[in-house]
Amino acid sequence: MKKILMVAALMTAACTVQADDSLELIKMLGSRNSISATFSSQTKNAKGTVVSVQSGSLKLKRPSHFMMHTMEPDETVLYTKGSSVVYYDAFVNQATVFSKKDLYTSPFMLLNSSDKKLWSQYKVQSLGKCYSLTPLKDKTVSKITLCFDNSRINELTLNMADGNTTVYKLTEQSSTLTDSDFSYTIPDDAQIDDQRK
């Protein structure tokens with residue numbers, strides 16, 4: 001259940017910005033057509049206690065390919081497939097399918113987008129090598145922070161409304177990806193929960 005709530009939080013964040021800073025950030029994000037990286041993440045609660053540590057790989061390719069494959073502590077895969085987003089939890093052998101159009105405000109999927117309508121939902125402020133994105137509508141996420149090393153994202157922080165903070169660190173980055181890098185085969189015996197409307 002916790003994992004499903006975490007996915008829902010990741011996938012439903014929405015935010016807006018000063019025009020100059022958002023255009024600058026969109027330009028920086030658009031400077032690379034694709035990103036492949038290893039990630040490690042740590043989630044702390046409002047008291048600063050570590051409640052979760054994860055690691056895996058992250059792949060993005062413009063305009064709409066995304067895959068986050070968590071290997072530790074449990075295997076989960078969150079990825080786009082056509083007009084859908086699939087979340088597979090290997091531990092319970094269940095795949096939940098969402099409509100991409102309903103979830104396109106995810107902080108990670110936002111990294112692939114130049115859609116002005118989407119970006120108008122965020123207040124973006126430049127902070128030197130980082131950018132702060134504050135949601136204007138959805139309040140699941142209170143703030144997103146993206147930090148760069150040159151033009152590469154090396155850290156993404158999600159401050160949740162419930163007080164939890166998750167920091168994703170990206171390493172071992174490359175920018176050579178093909179569409180086939182985003183394919184994942186769910187076991188035939190997996191339970192499917194189709195949330196598409």
Side-chain angles (χ1 to χ4, degrees), residues 1-14 26 28-43 52-115 118-119 141 144 146 148 151-156 158 166-197:
M1 184 66 177
K2 285 184 179 179
K3 288 183 183 169
I4 298 298
L5 292 174
M6 177 83 164
V7 170
L10 283 173
M11 298 304 292
T12 58
I26 291 169
M28 187 174 290
L29 291 171
S31 68
R32 297 177 69 198
N33 190 49
S34 60
I35 300 169
S36 174
T38 297
F39 80 85
S40 60
S41 71
Q42 186 178 82
T43 301
S52 174
V53 176
Q54 297 182 328
S55 62
S57 63
L58 177 69
K59 297 174 185 176
L60 298 157
K61 184 173 182 287
R62 287 178 173 266
S64 61
H65 287 10
F66 171 83
M67 179 178 281
M68 184 176 206
H69 194 162
T70 302
M71 296 302 296
E72 297 290 340
D74 299 308
E75 183 182 14
T76 60
V77 188
L78 180 66
Y79 64 100
T80 55
K81 185 174 182 178
S83 61
S84 301
V85 176
V86 180
Y87 175 71
Y88 174 66
D89 186 331
F91 182 74
V92 295
N93 198 26
Q94 177 177 317
T96 306
V97 185
F98 305 92
S99 173
K100 188 187 292 182
K101 66 180 175 59
D102 294 332
L103 301 172
Y104 217 78
T105 53
S106 159
F108 289 105
M109 294 181 74
L110 180 66
L111 303 179
N112 269 358
S113 178
S114 300
D115 185 341
L118 176 61
W119 280 93
V141 175
I144 304 166
L146 295 173
F148 292 81
S151 64
R152 293 185 172 196
I153 302 168
N154 62 2
E155 189 172 290
L156 184 149
L158 299 176
T166 302
V167 179
Y168 293 87
K169 294 186 182 293
L170 306 183
T171 58
E172 301 176 31
Q173 294 192 38
S174 69
S175 56
T176 305
L177 289 171
T178 64
D179 291 355
S180 63
D181 292 315
F182 295 86
S183 62
Y184 183 84
T185 303
I186 294 171
D188 292 338
D189 63 345
Q191 180 180 350
I192 307 297
D193 178 14
D194 195 336
Q195 296 288 321
R196 291 172 295 186
K197 297 175 183 176

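All heavy atoms count here, side chains included; hydrogens, waters and symmetry mates do not. On a predicted model such as this, the values are computed, not experimentally measured, just so you know.
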Are Thr76 and Phe91 side-chain neighbours, meaning at least one heavy-atom pair lies under 4.5 Å?
no
Is there a side-chain hydrogen bond (donor to acceptor under 3.5 Å, both in side chains) between Asp193 and Gln195? Walk through the geometry before answering.
CA-CA 6 Å; Asp193 178 14; Gln195 296 288 321; 2.9 Å; yes
Within this structure, what is the CZ-OG distance for the pair Arg32 and Ser174, rounded to the nearest 0.5 Å?
7.5 Å
Please round to the nearest 0.5 Å and tell me the distance separating atom CD1 of Ile153 and atom OH of Tyr168.
13.5 Å
Does the side chain of Arg196 reach to within under 4.5 Å of the side chain of Val97, using non-hydrogen atoms?
yes
Quick check for you: to the nearest 0.5 Å, what is the distance between Lys61 atom NZ and Thr178 atom OG1?
7.5 Å
Where is the tightest heavy-atom contact between Val53 and Pro73, given as atom of each residue plus distance?
O-CD, 3.2 Å
From Leu58 atom CG to Met67 atom CE, the distance as rounded to the nearest 0.5 Å
10.5 Å
How close do Ser180 and Ser183 get, heavy atom to heavy atom, and via which atoms?
O-OG, 2.9 Å
If you compare all heavy atoms of Leu170 against all heavy atoms of Ala37, which two are closest, and at what distance to 0.1 Å?
CB-CB, 4.1 Å
Contact between Ser36 and Asp181 at the side-chain level, heavy atoms closer than 4.5 Å - yes or no?
no
Within the 4.5 Å heavy-atom criterion, are Gln191 and Val92 side-chain neighbours or not?
no
Could you give me the CA-CA distance, side-chain angles and deciding distance for Leu177 and Phe182, then say whether side chain to side chain contact (heavy atoms under 4.5 Å, CB included) is met?
CA-CA 9 Å; Leu177 289 171; Phe182 295 86; 3.8 Å; yes
Inter-residue atom distance Ile35.CD1 - His65.NE2, 0.5 Å rounding:
14.5 Å
Using side-chain contact (heavy atoms from CB on, under 4.5 Å) as the criterion, list what pairs up with Ile186, not counting sequence neighbours.
Tyr79, Val86, Tyr88, Ala95, Tyr184, Ala190
Check step by step if side chain to side chain contact (heavy atoms under 4.5 Å, CB included) holds for Thr166 and Ser41.
CA-CA 7 Å; Thr166 302; Ser41 71; 4.2 Å; yes
Considering all heavy atoms, the nearest Phe66-Leu60 contact:
CD1-CD2, 3.1 Å
On a heavy-atom basis, which atom in Ser175 and which in Ser34 lie closest, and how many Å separate them?
O-OG, 2.8 Å
Report yes if some heavy atom in the side chain of Leu111 is under 4.5 Å from a heavy atom in the side chain of Leu146; otherwise report no.
yes
Hey, could you give me the CZ/NZ distance between Phe39 and Lys59, rounded to the nearest 0.5 Å?
12.0 Å
Looking at Asp189, I'd like to know if its CG atom is crowded, meaning that more than 12 non-hydrogen atoms belonging to other residues, nucleotides or ligands lie closer than 6.0 Å.
yes
